[in-house]
Novice: 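Submitted below is the structure of interest, expressed as structure tokens.
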Amino acid sequence: MRLGLIMGEVGSGLRRNVSMVISVILVTFISLTFVGVAILMQMQIGQMKGYWYDRAQVAIYLCTSVDTTGNCSQAEATKGQIAAVKTQLDSPALKPFVQKYEFETHAQAYKNFQDQFSNSPIAGFVTPETLNESFRVNLKDPTQADILIESISGLAGVQNVEDQRGYLDQIFSVLNAASYTAIGVAVLMLVAAVLLIATTIRLSAFSRRRELGIMRLVGASNRFIQTPFILEGVFAALIGSVLAGLAIVGIVQFFVQGYLTKALQSTTTLVGVSDALIVVPILIVLGIALAAASAGVAISRYLKV
Amino acid sequence: MIRFDGVSKSYSRTMRPALNSVSIEILKGEFVFLVGASGSGKSSFLRLVLREETPSTGTIHVLGERLNTLSSRKVPYFRRNLGVVFQDFRLLPNKNVFDNVAFTLQVIGKSKGFIQEAVPDVLKMVGLAGKSNRFPHELSGGEQQRVAIARAIVNKPAILLADEPTGNLDPATSAGIMTLLERINLGGTTVLMATHDAGIVDQMKRRVIELISGQIVRDERKGGYQTQAIPIQRLEEEEQSAALSSVTTELPDDASTVMWRRPAVEPEEAPQ
């Protein structure tokens with residue numbers, strides 16, 4: 001009986017200001033979509049870090065006959081110098097940090113280069129001699145690259161020691177900035193959504209002030225009076241957040257998996273639909289909680305007895 | 001039933017208090033008229049009883065509850081024991097007669113079965129048995145007020161507050177409403193009615209409490225709208241000082257109206 005009555009109140013309230021309810025739905029939809037995108041971007045960064053940091057190596061480039069930088073003076077690194085680097089890597093000081101290392105000869109470097117730049121005219125200009133020989137070192141903990149850099153870069157015949165994570169960090173910082181932007185936009189939109197919900201509920205309460213006055217006069221409990229209004233706000237926000245959830249799944253399904261994966265040709269892993277499905281309940285709960293809170297605050301001044 | 005102890009009520013905007021140290025007790029089953037000019041504090045009195053306001057000073061007890069300390073969470077449950085009727089009826093225009101009365105019971109969580117039984121009963125009692133499907137705009141003023149009374153008493157309240165219930169009605173209709181209120185009072189409900197209607201008050205011969213500028217100037221059993229006895233001291237003084245004025249005191253009703261009111265407004269000036 002009471003539930004039916006409350007639901008009836010909710011229905012009439014929603015019907016009475018349809019346009020406001022639609023605007024609440026749209027604003028929550030857009031704002032929560034931004035929130036979802038930001039969360040997905042953070043997930044993407046996390047995944048890429050996991051994937052790439054495992055593959056990131058420290059490269060020890062040895063001198064070629066044309067190099068003048070580092071410890072080089074236009075002389076090819078000698079066999080002795082190469083052996084010294086190798087000894088250093090095997091020494092008890094470095095051994096505990098190194099997982100494995102490989103030596104890349106001129107020929108291998110040339111081959112990799114040709115593969116990588118096969119479509120580029122630059123491939124025709126390089127010769128094996130101009131490409132550095134190098135040690136490719138995988139560390140047990142990729143964050144400890146500094147130890148290697150310090151102990152190796154001083155050795156004769158070493159042109160440069162490079163931590164490849166440096167390249168990745170740039171990509172991550174770009175993605176991070178993008179996701180913070182999305183969060184910023186989302187926060188602004190959420191503020192708008194909260195205010196809009198509050199206004200809608202005030203309007204709804206105002207249009208029913210006669211009923212509210214009589215309810216208060218005859219002793220309807222505060223909970224009974226405020227529940228329809230809170231449900232009204234929650235209902236609108238629920239529709240908005242479900243739409244946002246669908247949008248997030250759609251973006252992942254059709255844009256990320258459908259377009260980006262093809263465009264990037266599996267050079268990296270991308271977030272999948274299963275990740276999106278984690279985000280959807282977060283959005284729905286966030287939407288409902290915000291709506292309930294703002295509607296509750298908006299209606300509270302009508303409850304003062 | 002209702003007890004005011006030294007109650008004053010000031011609104012922040014005005015300097016003069018709406019009620020000024022009012023002390024009074026109204027007992028169970030009484031029928032009390034609250035009379036006085038507009039702005040004399042009648043409505044403030046009723047709002048205080050309803051706990052729509054809290055007093056600035058003094059204490060109010062209603063139905064065994066001390067209203068000053070009643071928490072706002074308990075106010076709705078307190079109000080279920082009070083019925084209220086207004087001059088402007090305050091019916092819901094989009095609900096028919098039955099639903100207007102049933103609404104009261106619905107919002108305090110009564111069962112459907114109870115509502116189906118109680119509402120026709122109370123409509124019969126107020127004389128609207130055949131009109132439960134009418135809408136307020138299809139009813140006359142008197143009938144609308146009967147709906148409002150039905151709504152106020154359907155929950156069998158211990159106290160019925162009426163704020164000028166006959167203010168918008170013609171004398172014949174008003175008499176009908178008063179008969180109804182009297183019948184409700186005979187059923188054991190305390191009735192507290194604020195009114196300007198001199199005819200009704202004079203005819204009913206019930207307890208009359210008169211307020212002027214927020215102070216009780218008269219509390220008379222079986223009183224009229226204007227008092228028969230003349231209790232104000234200044235008039236006697238005037239009698240002594242000016243023999244002519246005694247003529248007016250001998251005229252009981254209409255002529256004394258102006259005379260006896262004046263002193264109460266400015267009691268400080270009386271002793272000279």
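Not measured: the values here are computed from a predicted model. As a basis for the values below, the full set of heavy atoms in this structure was taken, side chains included, without hydrogen atoms, waters or symmetry mates.
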Novice: Would you indicate whether B:Y11, at its atom OH, is surrounded by more than 12 heavy atoms from other residues, nucleotides or ligands within a distance under 6.0 Å?
Specialist: yes

Novice: Got more than 12 heavy atoms from elsewhere within 6.0 Å of CZ, A:R223?
Specialist: no

Novice: So with a 6.0 Å cut-off around CZ of A:F34, is the heavy-atom count from everything else above 12?
Specialist: no

Novice: Where does B:N100 contact chain A at under 4.5 Å (heavy atoms): side chain, backbone, both or neither?
Specialist: neither

Novice: If we define contacts as heavy-atom pairs under 4.5 Å, which of B:I108, B:T54, B:L50 has the most with chain A?
Specialist: B:I108

Novice: What option among B:K74, B:R151, B:R80 has the most heavy-atom pairs under 4.5 Å with chain A?
Specialist: B:R80

Novice: Report yes if some heavy atom in the side chain of A:V218 is under 4.5 Å from a heavy atom in the side chain of B:N155; otherwise report no.
Specialist: no

Novice: So for atom CD, which belongs to B:E138, do other residues, nucleotides or ligands contribute more than 12 heavy atoms lying within a distance under 6.0 Å?
Specialist: yes

Novice: Which atom names give the shortest non-hydrogen contact between B:L91 and A:R210, and what distance separates them?
Specialist: O-NH1, 2.8 Å

Novice: Verify the neighbour count for atom CZ of A:F235: are there more than 12 heavy atoms of other residues, nucleotides or ligands below 6.0 Å?
Specialist: no

Novice: Mind listing the closest non-hydrogen atom pair of B:R79 and A:R216 along with its distance?
Specialist: NH1-O, 3.0 Å

Novice: Looking at every heavy atom in both B:P76 and A:A220, which two are closest together, and how far apart are they?
Specialist: CB-O, 3.4 Å

Novice: Measuring only between side-chain heavy atoms, which start at C-beta, is A:E211 closer than 4.5 Å to B:N94?
Specialist: yes

Novice: Please report the closest heavy-atom contact between B:E52 and A:L217, naming both atoms and the distance.
Specialist: OE2-CD1, 3.8 Å

Novice: Which bit of B:F103 is near chain A, if near means a heavy-atom gap under 4.5 Å: side chain, backbone, both or neither?
Specialist: side chain

